[in-house]
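All remarks here apply to the structure that follows.
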There are 2 protein chains.
Amino acid sequence: MAAASIKEVARLAGVSLGTVSNVLNRPEAVAPQTRKRVLDAISQLGYVRNDSARHLRAGQSRTVAIVVLDVSNPFFTDVVRGAEGAVEDADGMLIVCNSGEDRAREERHLDMLEEQRVRGLLITPVDDARHERLERLIDRGIPVVLVDRGTGQPNRCSVAVDDVLGGQLAAQHLADEGHRRIAFVGGPASIRQVEDRHAGAAAALEAYPGTSLQVVETRSLSVTAGRDAAERICVQPAATRPTAIFCANDLLALGVLQGLTAGGLRVPEDMALVGYDDIDFAAAAAVPLTSVRQPREQLGRTAAELLLEEAEDPARHGHRHVVFQPQLVVRQSTVSGTRARR
Amino acid sequence: MAAASIKEVARLAGVSLGTVSNVLNRPEAVAPQTRKRVLDAISQLGYVRNDSARHLRAGQSRTVAIVVLDVSNPFFTDVVRGAEGAVEDADGMLIVCNSGEDRAREERHLDMLEEQRVRGLLITPVDDARHERLERLIDRGIPVVLVDRGTGQPNRCSVAVDDVLGGQLAAQHLADEGHRRIAFVGGPASIRQVEDRHAGAAAALEAYPGTSLQVVETRSLSVTAGRDAAERICVQPAATRPTAIFCANDLLALGVLQGLTAGGLRVPEDMALVGYDDIDFAAAAAVPLTSVRQPREQLGRTAAELLLEEAEDPARHGHRHVVFQPQLVVRQSTVSGTRARR
DNA sequence: AGCCGATGGTGAAACGTTTCATGCGTTGGC
DNA sequence: GCCAACGCATGAAACGTTTCACCATCGGCT
């Protein structure tokens with residue numbers, strides 16, 4: 001059963017092509033009884049619009065794409081959910097592409113998306129570096145919004161979260177709780193996010209006389225790396241050992257928590273612990289984890305809104321760089337049970 | 001800069017439309033020097049194919065869609081990755097849609113995908129029930145492959161994992177390790193997967209005289225629910241208490257692990273523990289968790305391959321129902337440290 | 001009666017491809 | 001020296017929409 005076209009609908013309803021099109025796009029401009037005849041024909045034939053034809057004619061599609069570094073990463077899936085909401089509210093469709101941190105795949109996707117003449121593009125590029133393909137899209141008038149990357153470029157919008165502030169919040173919280181010897185666990189330092197969080201923590205502690213920040217560098221941001229780091233901390237003499245640890249992400253923190261427990265240190269009594277990201281497991285850990293939460297869904301939603309705004313009216317649109325503020329979520333791992341706020 | 005069309009390329013290269021098209025689609029049918037002139041013109045103008053026009057003409061797109069219940073669920077992200085691989089190998093594009101377990105959104109997506117005339121559809125439907133919209137797609141000749149649902153329907157392929165077998169493997173392992181009083185923690189029982197895993201475990205134990213399977217039902221499949229279940233088990237008298245627990249998924253198992261530890265029971269010495277799904281955290285838990293692993297990526301890859309096969313040649317295609325076998329991954333939570341195999 | 005505006009409907013053009021029958025010049029076989 | 005075959009290029013048709021200038025009808029006004 002070949003899909004019916006507008007032409008057959010017109011024939012069955014005894015009207016012209018244009019009228020059917022009007023029923024579809026400007027129903028109020030068609031007399032009620034004609035409209036009914038057309039609608040009946042449509043449902044009788046099971047007619048479904050052909051998007052390709054529509055967009056060929058219109059020169060533009062209602063599709064917005066998001067290219068993420070890793071579909072399996074909860075950070076991105078939440079961003080996707082946010083973007084999805086915004087795009088669907090605008091009656092569009094979001095298509096999710098996964099670059100898998102692979103530059104070649106990213107390019108492949110960009111090529112296909114350009115061929116599809118997508119309405120616009122949300123992307124966390126694999127390289128922070130200038131990106132020829134991306135520039136080209138922008139030159140062609142396809143709006144691009146950067147997600148969590150390269151904020152501040154003049155010819156596109158961006159959204160990001162302030163990791164320096166996140167580091168500050170974590171360190172301040174620990175200092176406020178009375179800790180003086182604090183450790184930062186994270187690495188490799190080449191990752192921008194890791195370095196920002198560290199810098200924020202260091203900066204915050206300058207306002208607290210007598211505090212020190214010991215850096216324990218890790219090879220990765222994994223549970224295992226956290227466990228190793230904890231072992232290194234446990235063997236330090238109790239007198240000079242830190243009394244609090246700030247980890248660059250929650251996976252590390254969970255590993256650290258295990259390592260500390262194995263080494264006989266209790267959390268939070270002997271050692272306070274702060275993570276970063278507030279992944280689902282943070283709240284569900286053996287000791288619920290204080291963590292710094294990023295507004296992930298909002299990041300995606302805002303990115304999509306900026307994009308749609310630009311697509312709607314490129315002339316009036318001014319590029320913006322939105323930076324969200326992370327939020328400290330305090331749980332048991334930094335304050336003893338009874339005092340834990342929610 | 002309006003995007004250049006084939007027409008302008010033809011003019012610049014001094015050839016006809018058809019020739020440009022030939023260069024693009026059958027380069028060997030064009031004389032080398034003509035071909036070169038056309039290619040030069042293409043790169044000079046920065047010409048990019050218009051997919052809409054192409055597909056309008058062709059009547060079909062190279063796009064395959066996958067509709068998942070929840071983009072944030074690691075199970076589905078892995079399935080997506082598998083499908084992605086297969087589709088890209090076939091030089092197509094995979095678009096990911098998220099129904100969020102919401103029937104209305106699912107229908108919205110199906111409508112848009114039908115308008116787009118996608119090549120085919122991978123879907124885990126929100127309802128197991130017969131699905132009018134889906135039937136319609138199939139009637140129109142759009143291939144559909146069910147993922148992890150409703151296996152055995154005559155007019156479409158499906159892929160799934162054998163949960164009954166998974167339950168068997170877990171229970172056999174525990175029985176082989178010498179356990180006789182075993183508990184199954186999971187719920188609500190209305191979820192097919194939960195019931196299958198339970199049934200598998202129960203069936204397996206029939207082969208082991210003297211074994212018993214106590215069911216501890218939970219309200220959900222979460223860490224918290226697991227912690228509650230563990231508390232209920234801890235208070236049982238040691239003499240009749242189970243010595244091993246099989247959980248319907250890893251989240252529950254992690255909660256159970258925490259609850260047992262809090263209740264003073266050691267894993268695996270006092271209580272063996274098996275989870276299901278083998279999520280990343282299973283291996284990283286305080287006591288690395290024995291778990292049942294589903295071949296998630298392969299599930300996606302196979303689904304996509306079946307789909308592409310059907311799309312390629314619907315006539316010759318016979319619908320198949322592929323059932324994958326889960327695999328038991330043994331870690332410390334069921335065998336004491338030194339004996340742990342990998 | 002003649003004119004006007006409103007209302008509802010028409011049909012052709014255009015969007016950018018691909019395909020296919022056709023044409024034309026060259027080559028090789030006989 | 002003729003014909004067939006071949007290699008290459010051509011240009012028109014078709015895919016299914018949307019848009020837009022135009023037409024027909026009709027009721028109300030002057």
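Just so we're on the same page: letters track the sequence lines, and every chain starts at 1.
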Legend entry - Given A/Arg136, A/Glu106, A/Glu107, A/Arg149, the one that forms side chain to side chain donor-acceptor pair (under 3.5 Å) with A/His131: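 Between A/His131 and the candidates, side chain to side chain donor-acceptor pair (under 3.5 Å) is satisfied uniquely by A/Glu106.
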
Contact class for [X] vs. all strands (heavy atom < 4.0 Å): base, sugar-phosphate, or nothing?
{"X": "B/Arg35", "answer": "nothing"}
{"X": "A/Ser5", "answer": "sugar-phosphate"}
{"X": "B/Asp51", "answer": "nothing"}
{"X": "B/Gly59", "answer": "nothing"}

Legend entry - chain B contact limits on DNA chain D, taken 5' to 3' with a cut-off of 4.0 angstrom to heavy atoms: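 From 5' to 3', the first and last contacting nucleotides are D/dC8 to D/dG16.
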
Legend entry - Neighbour count above 12 (heavy atom, 6.0 Å) for A/Glu28 CD: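 Atom CD in A/Glu28 is crowded, with more than 12 foreign heavy atoms closer than 6.0 Å.
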
Inset, instruction - Report the residue (A/Gly18 or B/Ala58) whose heavy-atom-nearest nucleotide on DNA chain D is the more 5′ of the two. - result: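 Looking at the nearest nucleotide for each, B/Ala58 comes out on the 5' side.
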
Inset, instruction - Using heavy atoms to find the nearest nucleotide of DNA chain D for A/Val48 and B/Val15 separately, return the residue whose nucleotide is more 5′. - result: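 Taking each residue's closest nucleotide, the earlier one in sequence belongs to B/Val15.
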
Inset, instruction - Might you work through the ring pair (Phe, Tyr, Trp, His ring centres under 6.0 Å) test for A/His319 and A/His317, ending with a clear yes or no? - result: CA-CA 6 Å; A/His319 294 297; A/His317 175 85; 5.1 Å; yes

Legend entry - Test log, rule salt bridge (charged side-chain N to carboxylate O under 4.0 Å, His left out), inputs A/Asp89 and A/Arg301: CA-CA 10 Å; A/Asp89 288 351; A/Arg301 171 167 279 277; 3.4 Å; yes

Inset, instruction - Using atom CG of A/Leu17 as one end and atom C1' of C/dG9 as the other, report the distance to the nearest whole Å. - result: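 Checked: the CG to C1' distance equals 12 Å.
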
Inset, instruction - Find the distance A/Ile6:CD1 to C/dT10:C1' and express it as a whole number of Å. - result: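 Nearest whole value for this atom pair: 14 Å.
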
Inset, instruction - Could you check B/Leu113, B/Ile123, B/Leu121 and say which one makes a side chain to side chain contact (heavy atoms under 4.5 Å, CB included) with B/Leu137? - result: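 Going through the options one by one, the only one that passes is B/Leu121.
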
Legend entry - Any side-chain donor near an acceptor of the partner, A/Asp148 and A/Gln193, under 3.5 Å: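 Side chains of A/Asp148 and A/Gln193: pair found under 3.5 Å.
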
